[in-house]
Amino acid sequence: MSTVTNKKNPPEEPKGFLDSFFHLTELGTNVRTEILAGVTTFVTMAYILFVNPNILADAGMPVNATFAATAIAAAIGTLIMGLYANYPIALAPGMGLNAFFTYSVVLGMGLSWQTALGAVFISGFVFFLMTVTKVREWIMDGVPTVLRISIGVGIGLFIAFIGLQNGGLVVNDNATLVKLGDMKSASALVTVFGLIVTGFFMARKIKGGLLIGILITTLFSMLMGYSPMPTGLSSFVSFSNPFAAIAPVAFQLDIWGALSYGLISILFAFTFVDLFDNIGTLLGVSRKAGLLDENGNLPRAGKALMADSVGTMFGATMGTPTVTSYIESAAGVSEGGKSGLTAVSVAVLFVVSLIFAPLVGLIPGTATAPVLILVGVLMMSEVTQINFEDFTDAFPAFMTIVMMPLTYSIAQGLAFGFMSFTIIKLITGKHKENNAVTYILTILFIVHFILGA
């Protein structure tokens, strides 16, 4: 007589809190993979901790304070992205926007950095309203692809131009406006060394190549006697209250000053540059992680966009320019990161990095100049996506790209790009390629120039 045994499926093992909260099993990942992915992302983007304070120093902001502001703003923005949107995407003050903040707004227009921070906060609030009302998505859908691409390329050239200046490779000339600097000077030699070393790391795809390049270039600068040597452990780490370090820039924003000045063009630049950069990064990283739906759309896009709008307002309050998503997040995704736990891991590391605030004082501008130049190289790659065979695309693309570095203003590049696109399409019979967004922005930019704002 045989006995029939009913075998039941073994009960599923209970999920841990992190697995349940971040839906790790559903996404096909685990805690270990997510944390390692977070470490990878942090290492690849940690250079911003040193580059951002050096750029803001030209605006008159103290480097130790802006180092702390950068770390805290990045940590909070990234934490919101991880906990609220559950995406493996890190945020920090944006490259290009920090340059616009310093060189176009503060130095170019003569505004105080406090007023400029007020403009950043207002733009963050505008982001928030645009996200809630979905106007942000409407604008993105209406911006021609050629202009989206051109804006990124133009910003890359602008950043590279700043790096060439900071490194002493390009200097002012009364007759020709610019010329080659003294290649035998210490600053030029340090910059060239940094370009070679960091370029090698980038070419070999070494994770954290930009950060490693900054540290090695700083060491070379010290050996040359161009920058100061450390005097002890206190030159590297500090266990003092980070909120004391941030005090000189925290809560110093002047919102009323920004409003009373009428900073329309500045708000345009902060809003649209962040808009295009953030959407492009979100889609690019999410595509690599396989997080897009069958229609190529990003689920929970509103939550992801909310993270950078809140991060921008918080960052301005702490004392740093616009916070945005970082394409370096793709490095963590390539290591298997798929959930917000990756972002939370990055946020924790940004908090930990606060103890290294003194280190920023040892890093000269010439050590970060190569990074600016190489970031420009990376951003330039998108130019291949522009159809230069169609002059009605080539002309606005060229105007957008070339006017940013030559006018030393991202805002002016945006203005010339939109105006040239709308007008050339209109007069050549391709007016159907224009839409409400291009017409509205062109009219606003024309009014801006007429009023001399």
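Heavy atoms only: backbone and side chains are in, while hydrogens, waters and symmetry mates are out. Model, not experiment: these values are computed from the prediction.
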Q: Do side-chain atoms of Thr78 reach the backbone of Leu91 as a donor and acceptor pair under 3.5 angstrom?
A: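 Checking the backbone N and O of Leu91 against the side chain of Thr78, a donor-acceptor pair under 3.5 Å is found.
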
Q: Would you say Tyr326's side chain and Pro93's backbone share a donor-acceptor pair under 3.5 angstrom?
A: yes

Q: Can you tell me which residue among Ile159, Leu157, Ile151, Val153 is in a side chain to side chain contact (heavy atoms under 4.5 Å, CB included) with Met404?
A: Ile151

Q: Enter the distance from Phe50:CZ to Thr66:OG1 here, rounded to the nearest 0.5 Å.
A: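 Reported to 0.5 Å precision, the distance equals 12.0 Å.
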
Q: What I'd like to find out is whether the side chain of Met202 reaches to under 4.5 Å of the side chain of Leu378, using heavy atoms alone.
A: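 In contact.
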
Q: Does Phe314, at its CZ atom, have more than 12 non-hydrogen atoms belonging to other residues, nucleotides or ligands within less than 6.0 Å?
A: yes

Q: Whether the side chain of Thr115 engages the backbone of Gly257 through a donor-acceptor N/O pair (distance < 3.5 Å, no angle test) should be reported.
A: no

Q: If you round to the nearest 0.5 Å, how far is CD1 of Ile443 from OG1 of Thr438?
A: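 Nearest 0.5 Å value for the OG1-CD1 distance: 9.5 Å.
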
Q: Looking at every heavy atom in both Gly208 and Thr44, which two are closest together, and how far apart are they?
A: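 Distance-wise, the nearest heavy atoms are N-CG2, 3.8 Å.
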
Q: Could you check whether any side-chain N or O of Thr312 sits under 3.5 Å from a backbone N or O of Val323, counting only pairs where one atom can act as donor and the other as acceptor?
A: yes

Q: Considering residues at least two apart in sequence or located in another chain, which fulfil the side chain to side chain donor-acceptor pair (under 3.5 Å) criterion with Ser381?
A: none

Q: Hey, does Val249 have a side-chain heavy atom less than 4.5 Å from the side chain of Leu56?
A: no

Q: Stepwise, does the side-chain contact (heavy atoms from CB on, under 4.5 Å) test hold for Ile386 with Ile401?
A: CA-CA 12 Å; Ile386 299 172; Ile401 294 169; 4.1 Å; yes

Q: Just how far is it from atom CE of Met403 to atom CZ of Phe416, taken to the nearest 0.5 Å?
A: 4.0 Å

Q: With side-chain contact (heavy atoms from CB on, under 4.5 Å) as the criterion, how do Phe388 and Val383 come out once you've worked through the C-alpha distance, each side chain's angles and the decisive distance to 0.1 Å?
A: CA-CA 10 Å; Phe388 283 100; Val383 75; 4.1 Å; yes

Q: Apply side chain to side chain donor-acceptor pair (under 3.5 Å) to Thr442 and list each qualifying residue two or more places apart in sequence or on a separate chain.
A: Thr422

Q: Would you give the length of the straight line joining atom CZ of Phe418 to atom CD1 of Ile440, rounded to the nearest 0.5 angstrom?
A: 11.0 Å

Q: Per the salt bridge (charged side-chain N to carboxylate O under 4.0 Å, His left out) rule, what does the pair list look like for residues 164-183, sequence neighbours excluded?
A: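 Passing the test, one end in residues 164-183: Asp173-Lys179.
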
Q: Tell me the closest heavy-atom pair linking Pro62 and Pro248, and the distance in Å.
A: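 Residues Pro62 and Pro248, closest heavy atoms: CG-CB, 3.9 Å.
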
Q: For Ala160 versus Gly376, what's the shortest heavy-atom pair and its separation?
A: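 Scanning both residues completely, I find the closest heavy atoms to be CB-CA, 4.2 Å.
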
Q: Kindly indicate whether the side chain of Pro230, heavy atoms from C-beta on, has any atom under 4.5 Å from the side chain of Phe236.
A: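 Of all side-chain heavy-atom pairs linking Phe236 with Pro230, at least one is under 4.5 Å.
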
Q: Any non-hydrogen side-chain atom of Asp393 less than 4.5 Å from a side-chain atom of Phe421?
A: yes

Q: Report yes if some heavy atom in the side chain of Phe220 is under 4.5 Å from a heavy atom in the side chain of Val190; otherwise report no.
A: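 Sidechains of Val190 and Phe220: in contact.
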
Q: Got a sec, which residues hit side chain to side chain donor-acceptor pair (under 3.5 Å) with Glu433, two or more places apart in sequence or on another chain?
A: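 Glu433 satisfies side chain to side chain donor-acceptor pair (under 3.5 Å) with Lys425 once adjacent residues are dropped.
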
Q: Enumerate the residue pairs fulfilling salt bridge (charged side-chain N to carboxylate O under 4.0 Å, His left out) with a member in residues 152-167, sequence neighbours excluded, ordered by first and then second residue.
A: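 Residue pairs passing salt bridge (charged side-chain N to carboxylate O under 4.0 Å, His left out), neighbours aside: none found.
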
Q: Whether the side chain of Thr41 engages the backbone of Gly332 through a donor-acceptor N/O pair (distance < 3.5 Å, no angle test) should be reported.
A: yes

Q: If you draw a 6.0 Å radius around CZ in Phe128, do more than 12 non-hydrogen atoms from other residues or ligands fall strictly inside?
A: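 Result for CZ/Phe128: open.
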
Q: Between the side chain of Thr102 and the main-chain N/O of Ala99, is any donor-acceptor distance below 3.5 Å?
A: no

Q: Quick one: does any side-chain atom of Thr218 pair with a main-chain N or O of Ile214 as donor and acceptor, under 3.5 Å?
A: yes

Q: Are any side-chain N or O atoms of Glu335 and backbone N or O atoms of Val333, one a donor and one an acceptor, separated by less than 3.5 Å?
A: no

Q: Please tell me if the side chains of Phe127 and Met313 come closer than 4.5 Å, counting only heavy atoms from C-beta onward.
A: no

Q: Side chain of Glu34, backbone of Lys338: donor and acceptor closer than 3.5 Å?
A: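 Yes, because the side chain of Glu34 sits within donor-acceptor range (under 3.5 Å) of the backbone of Lys338.
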
Q: Looking at side-chain heavy atoms only, is the closest gap between Leu49 and Phe356 below 4.5 Å?
A: no

Q: Under the criterion side-chain contact (heavy atoms from CB on, under 4.5 Å), I'd like the reasoning laid out for Thr217 against Thr366: C-alpha separation, chi angles, the key distance, then a yes or no.
A: CA-CA 8 Å; Thr217 305; Thr366 48; 5.9 Å; no

Q: Checking Phe101 against Ile55 for the side-chain contact (heavy atoms from CB on, under 4.5 Å) test, could you report, in this order, the C-alpha distance in whole Å, the side-chain angles of both residues, the deciding distance, and whether it holds?
A: CA-CA 9 Å; Phe101 176 95; Ile55 290 176; over 6 Å; no

Q: Could you tell me which non-hydrogen atom of Leu97 sits nearest to which non-hydrogen atom of Pro321, and how far apart they are?
A: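 Closest pair (atom of Leu97, atom of Pro321, distance): O-CB, 4.4 Å.
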
Q: How long is the span from the CZ atom in Phe398 to the CZ atom in Phe391, to the nearest 0.5 Å?
A: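 Between atom CZ of Phe398 and atom CZ of Phe391 there are 9.5 Å.
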
Q: Hey, does Met95 have a side-chain heavy atom less than 4.5 Å from the side chain of Leu372?
A: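 The answer is yes, as the side chains (C-beta and beyond) meet within the 4.5 Å cut-off.
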
Q: Taking only residues at least two apart or on different chains, which pairs with a member in residues 49-60 satisfy side chain to side chain donor-acceptor pair (under 3.5 Å)?
A: Asn52-Thr70, Asn52-Asn98, Asn52-Thr320, Asp58-Tyr103

Q: So, for Phe395 and Ser420, which heavy atoms are closest and what is the spacing to 0.1 Å?
A: CE2-CB, 3.6 Å

Q: Mark yes or no for whether Ser104, through its side chain, and Tyr408, through its backbone, hold a donor-acceptor pair below 3.5 Å.
A: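 Yes, because the side chain of Ser104 sits within donor-acceptor range (under 3.5 Å) of the backbone of Tyr408.
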
Q: So, for Ile246 and Ala69, which heavy atoms are closest and what is the spacing to 0.1 Å?
A: CD1-CA, 3.5 Å

Q: How long is the straight-line distance from CG of Leu117 back to OG1 of Thr322, given to the nearest 0.5 Å?
A: 9.5 Å

